[in-house]
Amino acid sequence: MKIKEQIVRLLKKQTELSVVEMVNLLQVSKQAIHKSLNQLLDAEEVVKFGKVPKTIYRLNDAKQEVQSFDEINKEDKDFLKHQFLLITETGEIKEGIDGFAIWCRQRKLQLQKTVKEFIQTKKKYEKYYQQGIINGTDKFENTQGFTQLYLDKVYYLDFYAIERFGKTRLGTLLHFAKQGQNRMLMKMIVKEIEPAINKFIKVEKPNAVCFVPPTIRRELQIMKYLETHLQINLPVVRVQKISGIIPVPQKSLNKLEERIANADKTFAVNEPVRYQHVLLIDDAVGSGATLNQIAGKLKQKGIAIKVTGIAVVGSFKGFDVVTDV
């Protein structure tokens with residue numbers, strides 16, 4: 001019996017094993033175990049968890065249970081490749097049909113039928129995109145509670161979530177990048193959004209860019225990451241976050257007036273240079289209170305005449321949709 005077959009048999013009995021345990025049980029060299037494991041990993045028959053020296057291997061149950069992809073045509077697979085991403089409960093990134101099949105299996109849904117329903121649902125939202133970007137200005141202007149609107153326009157690159165299927169691809173990346181302070185996911189976000197933002201800049205022609213500062217203390221801040229890794233060739237207007245004894249994040253506030261007051265009192269702008277048009281970048285737009293109040297400060301201090309807001313994701317309906325990022 002080949003070593004990789006012996007490994008599979010062992011994993012069926014013991015659920016999970018390290019390389020050292022396999023070496024001891026099979027009485028073969030570590031090199032032989034690694035060679036067989038690499039073959040099993042390439043065939044997606046086993047999965048690896050953890051980092052050296054705490055790495056363990058398990059059988060890939062998902063592959064055993066996933067429905068056949070043969071019934072899904074190439075066009076639908078290509079659509080899913082660009083539109084669907086799943087991060088599993090064990091932290092694996094599954095894109096396209098692979099991720100969607102797992103999503104269906106978890107909910108006991110028939111794969112082919114649900115793929116069609118997902119595509120139909122996504123295509124319902126196509127009317128909201130203008131050259132690949134969503135104009136959220138009307139929703140923002142029609143939100144009750146603002147005493148004054150300072151933003152001239154507000155856009156986002158995608159919705160945070162859609163009906164039935166939950167978080168979009170960008171919404172999923174953003175959620176796990178922020179909650180897990182994950183540099184790899186932040187890098188993926190930058191790769192996906194940078195072309196769209198630079199294209200947007202060419203059309204709108206802002207003179208400067210401003211990044212909304214983070215409101216919660218984290219070791220790795222996504223807004224700082226975006227500021228340092230997005231290749232935007234514009235001067236940066238600095239905004240300071242000023243907190244009281246107890247920092248109060250926007251997502252903890254349920255009422256729009258509370259969010260407006262929070263943004264108004266906890267952000268400060270002190271910039272000697274004046275600009276005609278400033279682009280204000282945020283990771284997620286819910287109520288738009290943060291963007292609007294910062295835009296107000298930019299205008300009141302004469303730093304900007306025009307302010308356009310753009311976010312990675314935004315809510316489709318009520319402003320409380322993005323409370324978990």
Test of ring centre spacing under 6.0 Å for Tyr57 and Phe49: no

Joint hydrophobic cluster, Val312 plus Val236, side-chain heavy atoms closer than 4.5 Å: yes

Among Arg164, Lys123, Lys122, the one residue meeting salt bridge (charged side-chain N to carboxylate O under 4.0 Å, His left out) with Glu117: Arg164

Where Val278 and Val209 come nearest, the two heavy atoms and their spacing: CG1-C, 4.5 Å

Minimum side-chain heavy-atom gap Val19-Thr55 below 4.5 Å: no

Criterion side chain to side chain contact (heavy atoms under 4.5 Å, CB included) on Tyr128 and Asn135, from CA distance to verdict: CA-CA 7 Å; Tyr128 297 102; Asn135 189 337; over 6 Å; no

Residue pair Tyr150 / Lys299: nearest heavy atoms and the distance that separates them: O-NZ, 2.6 Å

Contact summary for Glu192 and Pro195, nearest pair of heavy atoms: O-CD, 3.9 Å

Close side-chain approach of Leu86 and Thr172, heavy atoms under 4.5 Å: no

Student check: side-chain heavy atoms of Val8 and Lys12 closer than 4.5 Å: yes

CD/Glu163: more than 12 non-hydrogen atoms of other groups inside 6.0 Å: yes

Donor-acceptor pair, side chain of Glu194 and main chain of Gln231, under 3.5 angstrom: yes

Student check: side-chain heavy atoms of Gln240 and Val269 closer than 4.5 Å: no

Non-hydrogen side-chain atoms of Lys205 and His277 separated by less than 4.5 Å: no

Side-chain (Asn38) to main-chain (His34) donor-acceptor, under 3.5 angstrom: yes

Lys81 and Lys77, any side-chain heavy atoms less than 4.5 Å apart: no

Closest non-hydrogen atom pair between Ile87 and Leu85, with its separation: CG1-CD2, 3.9 Å

Euclidean distance, Lys74 NZ relative to Ile72 CD1, rounded to 0.5 Å: 14.5 Å

Residues Glu45 and Lys4 bridged, charged N to O under 4.0 Å: no

Any donor-acceptor pair under 3.5 Å from Asp282 side chain to Val212 backbone: no

Shared hydrophobic cluster for Ile303 and Ile305 (ILVMFWY, side-chain gaps under 4.5 Å): no

4.5 Å side-chain heavy-atom contact, Val154 and Leu291: yes

Backbone N/O of Lys224 and side chain of Gln221: donor-acceptor pair under 3.5 Å: no

Sidechain-backbone polar pair: Thr308 side chain, Lys153 backbone, donor-acceptor under 3.5 Å: no

Test applied, side-chain contact (heavy atoms from CB on, under 4.5 Å); reference residue, Ile222; option that passes from Ile189, Val190, Leu185: Ile189

Residues Gln14, Glu21; criterion side-chain hydrogen bond (donor to acceptor under 3.5 Å, both in side chains); working and verdict: CA-CA 11 Å; Gln14 302 200 30; Glu21 289 172 319; over 6 Å; no

Parallel, tilted or perpendicular: ring planes of Phe165 versus Phe100, cut at 30 and 60 degrees: tilted

Nearest heavy-atom neighbours spanning Arg183 and Leu220: NH2-CD1, 3.6 Å

Nearest-0.5 Å distance, CG of residue Leu280 to CG of residue Asn292: 10.0 Å

Least distance between heavy atoms, Glu271 atom then Val237 atom: OE1-CA, 3.8 Å

Donor-acceptor contact present, side-chain Gln27 to main-chain Asn24, <3.5 Å: yes

Evaluation steps, side chain to side chain contact (heavy atoms under 4.5 Å, CB included), between Leu170 and Ile193: CA-CA 9 Å; Leu170 266 180; Ile193 70 173; 4.0 Å; yes

Joint hydrophobic cluster, Tyr275 plus Val203, side-chain heavy atoms closer than 4.5 Å: no

Short side-chain to backbone donor-acceptor contact, Asp152 and Val307, under 3.5 Å: yes

Worked verdict on Lys301 versus Lys297 for side chain to side chain contact (heavy atoms under 4.5 Å, CB included): CA-CA 6 Å; Lys301 290 202 169 185; Lys297 292 178 183 294; 5.6 Å; no

More than 12 heavy atoms of other groups within 6.0 Å of Asn270 CG: no

Donor-acceptor contact present, side-chain Gln131 to main-chain Ile133, <3.5 Å: no

same_hphob_cluster(Val20, Leu11) at 4.5 Å side-chain heavy-atom cutoff: no

Tyr129 and Asp158 side chains, donor-acceptor separation under 3.5 Å: yes

Donor on one side chain, acceptor on other, Gln181 and Tyr225, under 3.5 Å: no

Exam field: side chain Asp98 to backbone Lys94, donor-acceptor pair closer than 3.5 Å: no

Lys30 vs Ile33 side-chain heavy atoms within contact, under 4.5 Å: no

Stepwise side chain to side chain contact (heavy atoms under 4.5 Å, CB included) check, Gln110 with Glu71: CA-CA 11 Å; Gln110 199 278 327; Glu71 59 190 15; 3.5 Å; yes

Thr168 (side chain) donor-acceptor with Phe159 (main chain) under 3.5 angstrom: yes

Distance (rounded to the nearest 0.5 Å) between Ile119 CD1 and Thr114 OG1: 11.0 Å

